[in-house]
J.: 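If you scroll down you'll find the structure; I have some questions about it.
Along the sequence shown, the residues carry numbers beginning at 1. Below, all heavy atoms of this structure are taken into account, side chains as well, without hydrogens, waters or symmetry copies.
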Amino acid sequence: MTQPLAHPTGVPPGDSGSPGGRVAGLGEALASFATGVTLVMVADGRDDIGTTVSAFCPVSWSPPLVLVSLIADSYPAEVLSRVDRFAVTILRAGQRILAGRFAVAGRPGARLLLEGTPHTRGEISGALIPDDGLAALECAAVQRQPAGDHLLVIASVLNVSYVSDALDPLLRFAGRYPSLG
């Protein structure tokens with residue numbers, strides 16, 4: 001049975017209703033939304049940067065556009081605010097450890113994190129692309145939009161590096177990586 005979270009006044013107790021105020025139950029509500037897991041990789045000329053991103057979605061078929069959402073004050077967001085091209089790898093269930101490596105705060109560069117993991121460099125983006133994901137895209141940012149504490153990057157898909165026949169996506173649900181089976 002579901003429990004109502006709405007308050008009669010529309011404003012949770014202790015919340016003034018002002019922008020940025022906490023909404024009771026929001027974290028739990030959003031954690032109940034299952035999503036795929038990706039790695040977003042960028043080559044900025046000095047280093048290779050990568051981060052785990054579960055806020056990824058297709059936007060348009062024509063033109064082909066996707067969206068990634070990054071924590072605004074993160075280093076990957078800072079790099080993507082000045083570098084246009086990047087790669088997105090949609091991860092398989094067996095890549096949970098790889099996703100975890102790229103989700104840790106203070107992580108080293110992407111080349112070190114991919115050590116021992118087969119990968120290539122994107123022909124168009126120059127970004128590192130791990131092998132064995134479900135798919136990999138090379139993209140170019142066409143619009144950047146600050147949104148609260150995140151940066152939304154809408155990007156044109158320039159190349160599909162590969163698509164796997166596998167049917168085992170890595171999912172994020174309730175703060176965990178559950179299996180479909």
J.: Are Pro76 and Val40 side-chain neighbours, meaning at least one heavy-atom pair lies under 4.5 Å?
T.: no
J.: Quick one: does Asp47's side chain get under 4.5 Å of Arg111's, heavy atoms only?
T.: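 Yes, side chains in contact.
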J.: Is it the case that more than 12 heavy atoms not belonging to Leu30 sit under 6.0 Å from its CG atom?
T.: yes
J.: Applying the 4.5 Å side-chain criterion to the ILVMFWY set and letting contacts propagate, would Leu91 and Val88 be lumped into a single cluster?
T.: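 No, it is not one cluster - the side chains of Leu91 and Val88 are not joined through contacts under 4.5 Å.
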J.: Give the minimum heavy-atom separation between Arg144 and Ser81, together with the two atoms involved.
T.: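 It is NE-CA, 3.6 Å.
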J.: Between Ala110 and Met41, which heavy-atom pair has the shortest distance, and what is it?
T.: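 Looks like CB-CE, 3.8 Å.
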J.: Does Leu70 belong to the same Ile/Leu/Val/Met/Phe/Trp/Tyr cluster as Ile90, with side-chain heavy atoms less than 4.5 Å apart forming each link?
T.: yes
J.: Report the C-alpha distance between Asp48 and Arg121 in whole Å, list the side-chain angles of each, state the deciding distance to 0.1 Å, and finish with yes or no for side chain to side chain contact (heavy atoms under 4.5 Å, CB included).
T.: CA-CA 10 Å; Asp48 293 290; Arg121 194 167 287 281; 2.9 Å; yes
J.: Tell me the closest heavy-atom pair linking Ser164 and Ala166, and the distance in Å.
T.: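 In this case the closest contact between Ser164 and Ala166 is OG-N, 2.9 Å.
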J.: Please evaluate residues Tyr162 and Asp132 with respect to the criterion side chain to side chain contact (heavy atoms under 4.5 Å, CB included), reporting the C-alpha separation (whole Å), side-chain torsions for both, the decisive distance (0.1 Å), and the verdict.
T.: CA-CA 9 Å; Tyr162 66 83; Asp132 299 326; 5.8 Å; no
J.: Does atom CG of Leu112 have more than 12 heavy-atom neighbours, drawn from other residues, nucleotides or ligands, at distances under 6.0 Å?
T.: yes
J.: Can you confirm whether Ile49 sits close enough to Phe86 that some side-chain heavy atom of one is under 4.5 Å from a side-chain heavy atom of the other?
T.: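 Answer no - side chains too far apart.
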J.: Do Ile124 and Val157 sit in one hydrophobic cluster, given that two such residues count as connected whenever their side-chain heavy atoms are within less than 4.5 Å of each other, even indirectly?
T.: no
J.: Applying side chain to side chain contact (heavy atoms under 4.5 Å, CB included), run through Arg172 and Tyr177 and close with a yes or a no.
T.: CA-CA 5 Å; Arg172 180 94 171 145; Tyr177 299 118; 3.7 Å; yes
J.: Can you list the residues that meet the salt bridge (Lys or Arg N to Asp or Glu O under 4.0 Å) rule with Glu123, with sequence neighbours excluded?
T.: none
J.: Kindly determine whether His119 and Thr89 satisfy side chain to side chain contact (heavy atoms under 4.5 Å, CB included), including the steps that lead there.
T.: CA-CA 11 Å; His119 60 279; Thr89 302; over 6 Å; no
J.: To the closest 0.5 Å, what do you measure between CD (Gln95) and CG (Leu134)?
T.: 7.5 Å
J.: Hey, could you give me the CZ/CG distance between Arg92 and Asp168, rounded to the nearest 0.5 Å?
T.: 4.0 Å
J.: Give the minimum heavy-atom separation between Ala87 and Ser125, together with the two atoms involved.
T.: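 Looking at all heavy atoms of both residues, the closest pair is CB-OG, 4.0 Å.
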J.: Any link between Val83 and Leu39 through a network of hydrophobic side chains (Ile, Leu, Val, Met, Phe, Trp, Tyr) touching at under 4.5 Å?
T.: no
J.: Within a reach of under 6.0 Å around CZ of Arg176, are more than 12 heavy atoms found that belong to other residues, nucleotides or ligands?
T.: no
J.: If you compare all heavy atoms of Leu113 against all heavy atoms of Pro108, which two are closest, and at what distance to 0.1 Å?
T.: CD1-O, 3.5 Å
J.: I'd like to check Gln145 versus Ile154 (side-chain heavy atoms, cut-off strictly below 4.5 Å). Are they in contact?
T.: no
J.: Looking at side-chain heavy atoms only, is the closest gap between Thr117 and Arg101 below 4.5 Å?
T.: yes
J.: Out of curiosity, Arg96 CZ to Leu171 CG, how far, rounded to the nearest 0.5 Å?
T.: 10.5 Å
J.: Is there a side-chain contact between Leu65 and Gln143 (heavy atoms, below 4.5 Å)?
T.: no
J.: Find out whether Thr52 and Thr38 are in side-chain contact, i.e. whether some heavy atom of one side chain is under 4.5 Å from a heavy atom of the other.
T.: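 Counting from C-beta outward, Thr52 and Thr38 never come under 4.5 Å.
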J.: Val68 versus Val66: any side-chain heavy-atom pair under 4.5 Å?
T.: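 Val68 vs Val66: side chains apart.
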J.: So does Asp44 get a backbone contact from the side chain of Arg82, meaning a donor-acceptor N/O pair under 3.5 Å?
T.: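 Such a contact is absent between Arg82 side chain and Asp44 backbone.
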J.: Which atom pair, heavy atoms only, marks the closest approach of Val142 to Ser156?
T.: CG1-CB, 3.9 Å
J.: Would you kindly confirm whether Leu128 and Leu170 end up in one hydrophobic cluster when ILVMFWY residues are joined by side chain heavy atoms under 4.5 Å apart?
T.: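 Shared cluster, yes.
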